[in-house]
Chemist: 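Mind having a look at this structure? Questions to follow.
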Amino acid sequence: MTKHIQPDRLAKLTSIREKGALPYPARTPGDPVPTAKLLASLEEQTGETFFVAGRLGQIRDFGKLRFSHLTDRSGSIQIGFERDRLPEFWPDRKLVEANDIVGVKGELGTTKKGEPTLWATEVTLLTKALRPAPEKWHGLTDVETRYRMRYVDLFANEDVRRQFITRSRIIREIRAFFDELGYIEVETPVLHSIPGGATARPFITKHNALDMDLYLRIAPELYLKRLLVGGLERVYEIGRVFRNEGISTRHNPEFTMLESYEAFADYKTVMDRVEGIFSRVCANVIGSHEIRFRGNTYDLTPPFPKKRYCELFAEHNDGVDFFDESRVRERAKQLGVHNPELTYEKIANDVFEATVEPHLDGPVFVIDYPKAICPFAKASDDDPRIAERFELFVAGMELGNAFSELNDPIDQEQRLEAQVADKDDETPSEVDYDYVTALEYGMPPAGGLGIGIDRLTMLMTGTDSIRDVLLFPLLRKLQQGEEIATDGAPDTDDAASNGTDEAQ
RNA sequence: GGGGGCGUAGCUCAGUGGUAGAGCAGCGGCCUUUUAAGCCGUAGGUCGAUGGUUCGAAUCCAUCCGCCCUCACCA
């Protein structure tokens with residue numbers, strides 16, 4: 001690693017030490033003021049002395065005067081280094097350079113052209129950077145390097161920093177929304193001995209002492225509903241789930257899921273909750289209910305339109321009824337999505353996905369799904385073939401999934417057993433009988449919700465790729481000893497095989 | 001897995017068979033109001049890797065590695 005460091009920076013490091021200064025001091029000499037505070041009331045504060053700390057940008061050198069910007073978490077401000085104000089620092093000024101982290105004490109003012117500037121009277125090196133910053137004008141643009149070295153991306157690209165601050169604010173608003181409704185936030189196990197609550201291939205890991213296989217959770221659902229049995233009544237969890245599938249602009253193998261469960265509510269209540277979340281995030285984070293995503297504008301003002309699954313199915317399939325098995329199979333063959341391994345309802349759902357989903361620009365709640373494809377949803381009291389379930393679509397992307405939770409233990413046991421009997425290799429291989437036992441003790445009627453936080457953030461921030469809302473998206477491992485291009489090591493190369501597809 | 005694109009200096013990129021280039025960053029100078037500062041000078045390379053074709057390969061061919069886009073798969 002260190003062999004690729006810029007030799008001139010190492011030389012400066014040595015120089016600093018030889019002069020008895022510390023290139024990595026343990027303490028910051030003062031409590032830094034956010035630079036944004038200096039700019040916020042510049043006129044009233046002109047002439048006052050402040051201490052700021054952050055990373056130095058490009059240095060513009062005029063011999064006896066130099067300028068640079070100092071960036072901290074709140075923004076950045078120009079620093080003016082004048083020879084006559086810095087008698088002690090001046091001879092060693094070149095040991096402090098772009099990308100170093102410094103503390104600066106100085107007097108607030110402006111330049112002749114009115115640029116707010118902190119005129120330095122004391123400069124303290126806080127951290128010597130041994131690698132240079134990316135080029136000043138184009139910055140760091142290589143996508144692979146940006147993902148692999150997000151730490152560089154973050155300080156080099158302000159909009160990237162802002163993006164992740166926005167993500168954090170979205171999550172904070174969601175928490176506040178549920179907290180105000182009396183929900184409690186809980187944490188359930190990530191390591192599951194039986195993966196369940198969704199249809200997906202799990203990651204397998206091993207517990208050594210117990211000598212048993214464990215699975216990284218594909219959903220927290222079944223544990224959260226156990227809490228309803230326990231009487232917690234309103235719970236939510238925002239946490240990582242893991243699905244052992246491919247990678248794309250909409251899929252990362254680990255992603256963040258919000259799940260909430262509310263006793264004595266049903267899927268209609270949950271629709272209100274979803275609208276409440278969207279409304280709140282739009283108002284408090286985005287500042288608008290109109291968002292731009294992939295070239296289109298979407299109005300997220302509630303209420304969102306509701307469309308029945310079976311009606312949409314007929315509408316986009318020449319009036320074919322979802323439950324008309326022979327005609328649906330025919331249609332599936334015609335579309336080339338007829339997989340005889342699957343159950344009839346799954347084939348029909350594939351037809352739905354092929355014909356209806358592309359048209360779901362939204363926002364739209366697709367409601368009342370066929371019960372057969374909803375193993376955890378309660379059937380409608382009016383039509384036993386229909387489950388009280390909805391999914392929220394915006395921009396053709398599924399953002400949320402919710403239902404009136406099935407709490408009939410006998411029905412649930414039968415459905416889980418049917419799932420295991422299914423040939424589909426994505427379905428669970430084992431029934432979680434403890435979950436059934438929990439239901440036998442009585443779970444209150446409840447409405448449950450799942451929302452993909454990453455996709456929600458994509459939508460809200462107009463981001464095309466899920467990798468741009470994940471700080472560290474999954475990438476292939478580099479070979480040992482291999483470094484990323486940015487420090488002169490041999491580029492690329494590696495072990496491992498090819499990745500593909502999905503998740504979430 | 002299929003198709004397409006890309007990989008050259010720390011960064012951003014030119015270079016399509018004949019001595020590896022530019023801008024920025026770096027280094028040495030000049031400069032007290034710049035903000036992509038300017039000017040003069042200087043240094044910097046396993047052209048992703050391996051093999052092949054050729055008198056000669058960054059360039060043509062093959063294989064491999066990595067990233068992006070897209071389709072497929074999949075919430």
Side-chain angles (χ1 to χ4, degrees), chain A residues 4-9 11-12 57-69 76-85 94 97-99 109-117 119 130-148 152 156 198-201 218-219 241 243-253 255 257 336-337 339 350 353 357 391 393 397-401 424-426 450-452 454-455 464-467 473 475-479 482-504:
Chain A
H4 298 301
I5 287 173
Q6 300 293 292
D8 52 284
R9 290 204 174 231
K12 285 177 184 177
Q58 221 40 65
I59 289 169
R60 302 177 287 277
D61 186 5
F62 286 82
K64 297 185 188 65
L65 169 70
R66 23 178 49 200
F67 291 107
S68 179
H69 272 81
S76 75
I77 188 170
Q78 177 163 270
I79 307 293
F81 301 87
E82 286 181 298
R83 183 192 59 180
D84 299 340
R85 284 179 188 250
K94 290 193 174 179
E97 56 195 326
N99 216 22
T110 57
T111 61
K112 286 173 186 169
K113 290 191 179 169
E115 169 90 10
T117 300
W119 297 100
L130 296 184
R131 299 190 189 232
E135 196 240 17
K136 63 186 173 193
W137 184 237
H138 300 91
L140 182 69
T141 59
D142 180 79
V143 178
E144 179 180 359
T145 311
R146 284 187 44 229
Y147 295 153
R148 287 198 193 274
V152 177
T199 309
R201 267 181 282 260
I218 55 174
V241 298
R243 299 189 181 177
N244 201 344
E245 288 152 358
I247 296 171
S248 78
T249 48
R250 294 170 198 75
H251 304 272
N252 195 67
F255 61 100
M257 180 87 104
V337 298
N339 179 353
D350 286 344
E353 288 180 3
E357 285 195 7
E391 292 196 349
F393 285 86
M397 222 170 28
E398 186 213 317
L399 282 167
N401 181 17
D424 189 340
D425 64 356
E426 298 260 320
I451 288 182
D454 313 281
R455 287 181 176 181
D464 285 351
S465 170
I466 198 169
R467 294 184 193 95
L475 297 175
R476 209 172 293 270
K477 183 182 168 190
L478 297 175
Q479 258 180 359
E482 180 180 2
E483 266 193 85
I484 308 161
T486 190
D487 29 47
D491 211 317
T492 60
D493 278 69
D494 131 351
S497 55
N498 270 326
T500 10
D501 68 315
E502 85 316 329
Q504 163 103 333

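Protein chains get the first letters and strands the later ones, always in sequence-line order, with residue 1 at the start of each.
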Chemist: Could I get the full list of side-chain hydrogen bond (donor to acceptor under 3.5 Å, both in side chains) partners for A/S76, not counting sequence neighbours?
Modeler: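 By the side-chain hydrogen bond (donor to acceptor under 3.5 Å, both in side chains) rule, A/S76 matches no residue at all.
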
Chemist: Could I get the full list of side-chain hydrogen bond (donor to acceptor under 3.5 Å, both in side chains) partners for A/N401, not counting sequence neighbours?
Modeler: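 In terms of side-chain hydrogen bond (donor to acceptor under 3.5 Å, both in side chains), with neighbours along the sequence ignored, A/N401 is linked to A/R389.
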
Chemist: Report yes if the side chains of A/P473 and A/I466 come closer than 4.5 Å at any heavy-atom pair, otherwise no.
Modeler: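 Heavy-atom side-chain distance check fails, nothing below 4.5 Å.
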
Chemist: Can you tell me the Watson-Crick or wobble partner of B/rC67, both distances under 3.5 angstrom?
Modeler: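 By the stated definition (distances under 3.5 Å), B/rG5 pairs with B/rC67.
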
Chemist: Return the pairing partner of B/rA62 with a 3.5 Å limit on both distances, Watson-Crick or G-U wobble; otherwise return none.
Modeler: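 Partner of B/rA62: B/rU50.
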
Chemist: Who are the side-chain hydrogen bond (donor to acceptor under 3.5 Å, both in side chains) partners of A/E135, not counting sequence neighbours?
Modeler: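 Testing A/E135 for side-chain hydrogen bond (donor to acceptor under 3.5 Å, both in side chains), a comparison that skips the adjacent residues, returns A/H138.
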
Chemist: I need the CZ-P distance between A/F81 and B/rU33, as an integer number of Å.
Modeler: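 Rounding to the nearest Å, CZ of A/F81 and P of B/rU33 are 17 Å apart.
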
Chemist: Go through B/rC31, B/rU12, B/rC67 for me and flag the one nearest to the A/R148 side chain.
Modeler: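 Looking only at side-chain atoms, A/R148 lies closest to B/rC67.
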
Chemist: Once you round it to whole Å, what is the distance between C1' of B/rU33 and CZ of A/R85?
Modeler: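 Going from A/R85 (CZ) to B/rU33 (C1'), I get 13 Å.
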
Chemist: Counting only Watson-Crick or G-U wobble pairs whose two distances fall under 3.5 Å, which nucleotide matches B/rG41?
Modeler: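 Pairing partner: B/rC27.
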
Chemist: Describe the nucleic acid contact of A/R467 in one word from base, sugar-phosphate, nothing, applying a heavy-atom distance below 4.0 Å.
Modeler: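 If one applies the 4.0 Å heavy-atom cut-off, A/R467 turns out to touch the sugar-phosphate alone, with no base involved.
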
Chemist: Should B/rC13 form a Watson-Crick or G-U wobble pair with both distances under 3.5 Å, which nucleotide is its partner?
Modeler: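 B/rC13 is paired with B/rG21.
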
Chemist: Without decimals, in angstroms, what is the distance between A/E144 CD and B/rC6 C1'?
Modeler: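 After rounding, the gap between these two atoms is 11 Å.
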
Chemist: Give each protein N/O atom lying under 3.5 Å from an N/O atom of nucleotides 36-38 of chain B, with the pair distance.
Modeler:
{"unit_1": "B/rA36", "atom_1": "O3'", "unit_2": "A/K136", "atom_2": "NZ", "d": "3.4"}
{"unit_1": "B/rA37", "atom_1": "OP1", "unit_2": "A/K136", "atom_2": "NZ", "d": "2.5"}
{"unit_1": "B/rA37", "atom_1": "N6", "unit_2": "A/D61", "atom_2": "O", "d": "2.8"}

Chemist: If we only count heavy atoms from C-beta on, is the A/N99 to A/R9 side-chain gap below 4.5 Å?
Modeler: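 SC-SC contact between A/N99 and A/R9 confirmed.
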
Chemist: Who are the side-chain hydrogen bond (donor to acceptor under 3.5 Å, both in side chains) partners of A/E82, not counting sequence neighbours?
Modeler: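 Applying side-chain hydrogen bond (donor to acceptor under 3.5 Å, both in side chains) to A/E82 gives A/R85.
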
Chemist: Dump the pairs, protein N or O against N or O of nucleotides 41-44 of chain B, anything under 3.5 Å, distances to one decimal.
Modeler:
none

Chemist: Picking from B/rU35, B/rC11, B/rC69, which would you name as closest to the side chain of A/E115?
Modeler: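 Minimum distance to the A/E115 side chain belongs to B/rU35.
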
Chemist: Quick one: A/R83 CZ to B/rU33 C1', roughly how many Å, whole number?
Modeler: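 Roughly 15 Å, once rounded to whole Å.
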
Chemist: A/V143 side chain: which of B/rC68, B/rC27, B/rC13 is closest?
Modeler: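 In terms of side-chain proximity for A/V143, the closest of B/rC68, B/rC27, B/rC13 is B/rC68.
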
